[in-house]
Q: 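Just dropping this structure here.
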Protein chains: 2
Amino acid sequence: MQITRAGEYGVMGLMHLARRRPGQRTMIDEVSRQQRISKSFLAKIFQSLVKAGLVRSIRGAGGGFALAKNPAQIPVLEIIEAVEGRIVFHRCKMARPDCEHVGGCALCGLFERAQDGLKDALTRTTLADLIEQQEKIELTQPKGRLN
Amino acid sequence: MQITRAGEYGVMGLMHLARRRPGQRTMIDEVSRQQRISKSFLAKIFQSLVKAGLVRSIRGAGGGFALAKNPAQIPVLEIIEAVEGRIVFHRCKMARPDCEHVGGCALCGLFERAQDGLKDALTRTTLADLIEQQEKIELTQPKGRLN
DNA sequence: TTAATTCGGACCAAAAACGTCCGATATATA
DNA sequence: TATATATCGGACGTTTTTGGTCCGAATTAA
Ligand code: SF4
Ligand code: SF4
């Protein structure tokens with residue numbers, strides 16, 4: 001019942017990109033060093049982000065990554081699901097295909113409501129929101145090394 | 001990012017107990033067979049439930065388990081945390097004690113809000129609610145074998 | 001005394017999380 | 001063209017978590 005590192009790193013990575021001028025490319029290596037995330041691991045995470053259409057990749061020398069959309073258009077949930085896969089919380093049919101309650105189960109309904117509560121917060125906050133909040137924090141507490 | 005089987009089985013088990021007359025004892029074996037859950041696994045889960053004070057255990061022949069509280073007094077979250085341990089969702093300091101953002105991180109704040117959203121639904125619904133809902137379902141769809 | 005039942009913990013297998021590594025591919029530039 | 005620099009894609013490996021099993025000990029009713 002936890003967010004994975006991959007998910008968190010993905011968001012952190014995109015936050016890093018979003019602080020650049022729109023369209024400016026940034027290398028994995030820079031993100032990795034500044035956010036203190038293993039480079040190879042982050043590389044893999046970014047590949048999912050590319051496949052999901054959230055970032056654009058430019059290969060070869062002088063290449064790198066750049067955000068593919070406006071940060072205000074990217075709910076954090078979308079980032080997390082891009083790297084972790086769809087969040088399902090409870091898997092009913094998937095896990096217990098033989099369960100006789102499937103189709104009408106109070107527990108199942110509750111789990112769904114719980115999941116919605118979770119996703120709600122992650123959907124309402126966009127990458128842009130996150131950055132705005134972070135900048136506010138760093139203003140009053142000048143110590144952050146995020147970028 | 002999922003509820004564990006243990007958590008689900010715990011709730012199912014308590015639902016089963018709650019359908020008995022208050023104080024009536026029920027054996028693991030019955031719960032296990034009727035809910036189609038491995039007996040030994042369920043036994044272990046019930047031990048956590050006992051330790052958490054949610055059910056009372058009576059040992060020896062003719063023993064069993066009985067709810068220790070009024071179902072209306074038991075939020076589902078309490079059941080789940082009794083068997084899975086505290087739900088933390090994001091572990092910040094625990095997982096990255098070296099993270100320089102700890103104390104002021106927008107991401108951390110968001111995760112906390114998300115977690116609250118999740119726990120909210122699980123706290124508002126009690127064991128009693130769950131049973132009431134389930135009975136309503138079984139009324140309109142007479143097929144369930146939940147006791 | 002015996003049968004029935006929970007308690008407690010050791011143990012195990014499978015899956016998921018968390019990475020590492022490396023060859024292939026693409027591109028800028030000298 | 002040759003070379004240095006990046007990402008791409010997937011195979012691989014380690015650790016942790018999940019999902020159980022098993023069994024002897026303790027407790028109790030009959
Ligand atoms: S939540 Fe209900 S329907 Fe889903 S697997 Fe569990 S018992 Fe079956
Ligand atoms: S959420 Fe923020 S404070 Fe928590 S570990 Fe991640 S970066 Fe650090």
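By convention in this document, chain letters (A, B, ...) are assigned in the order of the sequence lines, proteins followed by strands, and residues within each chain are numbered from 1.
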Q: Is there a donor-acceptor contact under 3.5 Å from the side chain of A:Arg25 to the main chain of A:Gly62?
A: yes

Q: Anything under 3.5 Å between a donor and an acceptor, one on a side chain of residues 68-90 of chain B, the other on a protein residue two or more places apart or in another chain? List them.
A:
unit_1  : atom_1 : unit_2   : atom_2 : d
B:Lys69 : NZ     : B:Glu78  : OE2    : 3.3
B:Asn70 : OD1    : B:Ala72  : N      : 2.8
B:Glu81 : OE2    : B:Ile87  : N      : 2.9
B:Glu81 : OE2    : B:Lys119 : NZ     : 3.4
B:Glu84 : OE2    : B:Thr4   : N      : 2.9
B:Glu84 : OE2    : B:Thr4   : OG1    : 2.7

Q: Measure from CD on A:Glu8 to C1' on C:dC18 and round the result to the nearest Å.
A: 13 Å

Q: Rounded to whole Å, please give me the gap between CZ in A:Phe41 and C1' in C:dC22.
A: 18 Å

Q: Provide, to the nearest angstrom, the distance between the OH atom belonging to B:Tyr9 and the P atom belonging to D:dG19.
A: 8 Å

Q: Measure CE/A:Met1 against P/C:dA16 and give the value in whole Å, please.
A: 16 Å

Q: Would you mind reading off the distance between A:Ile37 atom CD1 and C:dG19 atom P, rounded to a whole angstrom?
A: 10 Å

Q: Looking at A:Glu30 and A:Arg36, is any side-chain nitrogen of the basic one under 4.0 Å from a carboxylate oxygen of the acidic one?
A: no

Q: Give a yes or no answer on whether the side chain of A:Ser32 reaches the backbone of A:Ile37 with a donor-acceptor pair at less than 3.5 Å.
A: yes

Q: Quick check for you: among C:dT20, D:dG19, D:dT21, whose closest atom lies nearest to any side-chain atom of B:Thr4?
A: D:dG19

Q: Quick one: what's the B/S/- string for nucleotides 3-15 of chain C, heavy-atom cutoff under 4.0 Å, read 5' to 3'?
A: -BBBBB-------

Q: Using atom CE of B:Met12 as one end and atom C1' of D:dG19 as the other, report the distance to the nearest whole Å.
A: 15 Å

Q: Taking only residues two or more places apart in sequence or in another chain, which ones pass side-chain contact (heavy atoms from CB on, under 4.5 Å) with A:Ser40?
A: A:Ser38

Q: How many whole angstroms separate atom CD1 of B:Ile3 from atom P of D:dG19?
A: 10 Å

Q: So, A:Thr140 side chain and A:Ile137 main chain: donor-acceptor pair closer than 3.5 Å or not?
A: yes

Q: Tell me: CD1 of A:Ile45 to C1' of C:dA17, nearest whole Å?
A: 11 Å

